[in-house]
Visitor: 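Quick one: the structure is below, questions incoming.
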Amino acid sequence: GKNIKGIISALLVPFDEEGRVNEAGLRQIIRHNIDEMKVDGLYVGGSTGENFLIETDVKKQIFDIAKDESKDDIHLIAQVGGMNVYEAIELGQYATELGYDAISAVTPFYYKFSFAEVKEYYQDIVNAVDNDLIIYSIPVLTGIEMGLKEFEELFALDNIIGVKFTAADFYLLERLRHSFPDVLIYSGFDEMLFPAAIYEVDGAIGSTYNVNGIRARGILEAVKDNDLAKARQLQKESNDLIEAILANGLYPTLKRLLQLEGCDEGPFLSRKPMASITDEQLEEAKRIHEELL
Ligand code: HMN
């Protein structure tokens, strides 16, 4: 099904003291997204999943668990990209066999790759993996900036169907939407969902939808209904929440909020070197849960 639209949570992954996946807790988070947040899909293996800190085997294990728990109930996108194109291909083939609806790949990072190198990386992945691919563009973390012309070249490759657009460049977003009406465009910054929705993105992929999926859907629906006052109000409430979460530490706070929502099995730690939650952050997460969620 390539009609992957709507609210898509970037899946959080709880780890134990040894850095292993807490499978029971992960299954609860997936269920919470499906049953309570009513998400349209999950983005597995993203930044939010602390994906760039874990081994290939563990990435596969997480793909397995997400598929096993969600069956065919929602769309599943496997983020397979990174700095190792051979791993990206291996993971892409793996997720495709599991039945993932699409794969996604972040632009390669750390080295300052040229656009020619970035393009070849995508070409290599789509040549080797028999699935649709969504480009993951997040210049603030990767340092790779692409303009209209670069996106046009990438969208011309076979099987590239969309982009997760994680940038505050609404000029570029408007040009992309206008130029490529058939490409799937996903908003990547949850705090800017409302303006992205006005430009008619097809959906949104983000971390905070794990706990704020209902309001986010409300924003998309209000914009569709042309009720801008309502959409603006929902974005305001969302941003009160997101602002407090960001100030308290993004992933640890989101994990704590999920625990307070009843995902209570096993430890919900981060993967080192990402720090796990402190007592002070725990207190603040409790306040956020009571006052802003
Ligand atoms: C992913 O790859 O896991 C995410 O979808 C990335 C996503 O765009 C998030 N970006 C980052 O965490 C850097 C946002 O959801 C972000 O967490 C949110 O807008 C709060 O700033």
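For ligands, and for the atoms within them, numbers begin at 1 and follow the listed sequence.
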Visitor: Which residue pairs satisfy the ring-ring contact (aromatic ring centres under 6.0 Å, His included) criterion with at least one member in residues 18-45, sequence neighbours excluded?
Guide: Y43-Y136
Visitor: Near ligand 1, which protein residues have a heavy atom under 4.0 Å away?
Guide: A10, Y43, G46, S47, T48, Y136, I138, L141, K164, T166, G188, F189, D190, E191, I205, G206, S207, L246, L250, Y251
Visitor: Within a radius of less than 6.0 Å around CG of D35, do more than 12 heavy atoms belonging to other residues, nucleotides or ligands occur?
Guide: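 Atom CG in D35 is crowded, with more than 12 foreign heavy atoms closer than 6.0 Å.
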Visitor: Mind checking whether Y186 and F165 have ring centres under 6.0 Å apart?
Guide: no
Visitor: Going by atom types only, do N210 and N33 share a side-chain donor-acceptor pair under 3.5 Å?
Guide: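 Judged by distance alone, the side chains do pair up.
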Visitor: Do the charged groups of D64 and K60 touch, with an N to O distance under 4.0 Å?
Guide: no
Visitor: Is any side-chain N of the basic residue among K230 and D225 closer than 4.0 Å to the acidic one's carboxylate O?
Guide: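 No, K230 and D225 are not salt-bridged.
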